[in-house]
Amino acid sequence: MRLVRVALAMPLMHYFDYLIEPSAALDIGSRVVVPFGRQKRIAIVVEFPAQSDVAPQQLKRIISVLDATSVFSDELYALLKWSAGYYQTGLGEVLFQALPVKLRQGETAQSAVDAVWKILPQGKIALAQGELTRAKKQQQALQQLAEAAENGVLQREAEFSRAIYKALLEKKWIAEQHLFAQPEVWQTALQQHNWLNQQDKLRLNKQQALAVSAVCVSHGFQCWLLDGVTGSGKTEVYLHLMEHVLQQGKQVLLLIPEIGLTPQIVRHVENRFKLPIDVLHSNLTDSQRLLAWQRAKSGESAVVIGTRSALFTQFQDLGLIILDEEHDLSYKQQDSGWRHHARDLAVMRAKNNHIPLVLGSATPSLESLANVASGKYRHLVLNQRAMNSAVLNHKLLDLKKQRVDRGLSEQLIALMQQHLSKGNQVMLFLNRRGFAPILLCHECGWIAQCEQCDRPFTYHKKNNILSCHHCDRKTKVPRQCAVCGSTHLVTSGMGTEQLEAVLAEKFPDYGIARIDRDSTARKGALEASLAQITTKQSRILIGTQMLAKGHHFPDVTLVAMVNIDGALFSQDFRSEERLAQLYVQVAGRAGRGSKSGEVVLQTHFPQHPLLQTLLTQGYSAFAQQALQLRQTMGLPPFSAQALFRAKSKSNESAVEYLTALAAFFDDFCRKNAIQGLQLLGPIEALQTKKAGQYQWHLLLQHSSRAVLQHCLAQFSLRRHELNLNRYTRCILDVDPQDFN
DNA sequence: AGCACGCCGACT
DNA sequence: GTCGGCGTGCTC
């Protein structure tokens, strides 16, 4: 008997050992079915150990082997294994998350085009002995299969119904045999020249051409930051690069933040290349996903377009990875145990494959800009707007110095009037759903709060409910104050729902469209709103960040951010960066056509230095200044962080847990003479209480990523020695992107 | 993560 | 008297 070590889909840094007969064909990365407790589970082989720590009599035997060879390419397996170490996650969780759901459930990895039937020896015997006299059809089918076997023919037309074969299958006289498709080779189409839509191709300007040739000329791995302002033609650069790579018969992976919000780029690719393109969007069925996975792996797809998880697609011959909107937060997995960053993993994957990676953005993350400065990435700048768009004016409206009616300054109202009367559209951004973020008692100041989160409820007027935006709990609106019994309850603050009402009152002659999570919850509602905007039935558009992505509305000439103060003074050190990115994106919505546009920001703090730099000198100047600030503060990207997020029903146990962790790191550094590891906390999370659990954080920071990694790895090895309390759930977030 | 075992409240 | 709530502990 041979030992097999397997990983299971569990948040455990632990493997399990099983036995198998030595003759069985399987490899590291093969899926197997194992008995686990009293259940049957799918596991992935990670090792063939010489011996086991588990007593021999406790070892169970593997039930069956699903794959004779690994379901992962060597290159992908190496990436995932490295990633499990980097993010301190169990390998099982990582491997399973990187597989399509159907494969996690045990489906065949190869694409079976057809199932054919094959007669078994027992079947032949049964036939010879003349059984089945009472089942004519079954006998005929069996006879036919026997003849086919004799003639060495694999497949015979299935003339009989499935039920007939099923009956024979149940008697164990026949077996199902899968026929595997020979992959269609798209590369043959390259000779015919019509694979490329030449009419669609745009002429590149000098900068674009330079960018394309720089990438095409380079060899092996290189990470490029394509830093292009809105409208500078990043997409055309992508398409030219893809053409170059496809021409060589190699595949391309294009990652985008969210397909639903940016369907244009998919259309562009599909229009340009008459080659097999697979788009992995969120409403594919599991079977469709598996099919796409198989097609990419066998080399049948020329291009794969998808979101974060598409990074784990396998290829026959991958030649290029493009990751669009590289600054976008959605590339970081935030909710599962394996909190990976697709951008960072894409860098590793490109490196392992010796291919170029292009990161594109109009507002690159400070991390990527720092990598450019250090020479790790190479910079490609596109700062000419390819479209003849007019100049953009910006204004800061100081809320302190003027009359403000429910969040809207007189100046803003006047500006809106101006733009609307010229027949244009106006767009307002407010990052708060609902009618009002607070409902309070006018007599005593009591605030209606969610007991689960200790956060004020948001009042939704339309449904007349209170909703907690942290845990999604909903309750009825109270008639009375819970403390003094007064019925005089009032709202405070402003959400998009109220903004819509206020504007309807002030501008009764113009249609209003609101786009946020509430207004687009109904299926098709988003499309309907977008249609109203395009046909100009709606002239005033209100939305949260959702509205900022993708969509191009040529008649929008005024864009306003209704309140940016929250972002200027946030606990999160990345909030200014995010505000700047949102500002640029939002500004890109104004005046994209021939009309000149205007962007206004309402704030109580117009003097804020980063804000000033952003508005007067643009995003790159802002980024340089913000980077300097990060450097003096020792914050990322000038240090590496790891965040322990502890959750518990009581504050005490969470604090105790994190204190023990802090003590471990303290002790570990002292004993090993490691200097400069900063331990911040335990501190309460920004969202102290969520869904009835108290949340506390312990932040680790070190100027060297390698040192921090070393500390974390040692911690994982010795975690079990620490006797941590069981009342606390704690997850580790390496390179945290938010502190909620 | 699942799943079972186990110990306390509201029901035929 | 049971059904079922979720706390705790284990799975090679």
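No hydrogens, no waters, no symmetry mates; every other heavy atom, side chains included, goes into these values. Note on naming: letters A, B, ... go to the chains in the order of the sequence lines (proteins, then strands), and numbering restarts at 1 for each one.
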Give me the residues of residues 48-67 of chain A where at least one heavy atom lies under 4.0 Å from an atom of DNA chain B, by number, or none.
->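 The stretch gives none, as no residue of it lies under 4.0 Å from the strand.
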
Check the pair E367(A) / R574(A) against salt bridge (Lys or Arg N to Asp or Glu O under 4.0 Å), numbers first and verdict last.
-> CA-CA 11 Å; E367(A) 273 80 2; R574(A) 270 185 254 259; 2.6 Å; yes

Please identify each residue that fulfils side chain to side chain contact (heavy atoms under 4.5 Å, CB included) with [X], with sequence neighbours left out.
X       : value
L643(A) : R645(A), H697(A), L699(A), D733(A), P736(A), F739(A)
P11(A)  : E93(A)
I63(A)  : V33(A), P35(A), K40(A)

Go through the structure and list residues passing ring pair (Phe, Tyr, Trp, His ring centres under 6.0 Å) with [X], not counting sequence neighbours.
X       : value
H710(A) : F668(A)
Y18(A)  : none
H340(A) : F312(A), W338(A)
Y15(A)  : none

Boundaries of the DNA chain C segment in contact with chain A, non-hydrogen, under 4.0 Å |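 It runs dG7(C) to dC12(C).
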
Residue pairs passing the ring pair (Phe, Tyr, Trp, His ring centres under 6.0 Å) test where at least one lies in residues 19-63 of chain A, sequence neighbours excluded |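 Found F16(A)-F36(A).
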
With sequence neighbours left out, the residues meeting salt bridge (charged side-chain N to carboxylate O under 4.0 Å, His left out) with E326(A) are R343(A)

Protein-nucleotides 1-8 of chain B N/O pairs under 3.5 Å:
unit_1 : atom_1 : unit_2  : atom_2 : d
dA1(B) : OP2    : R729(A) : NH2    : 3.4

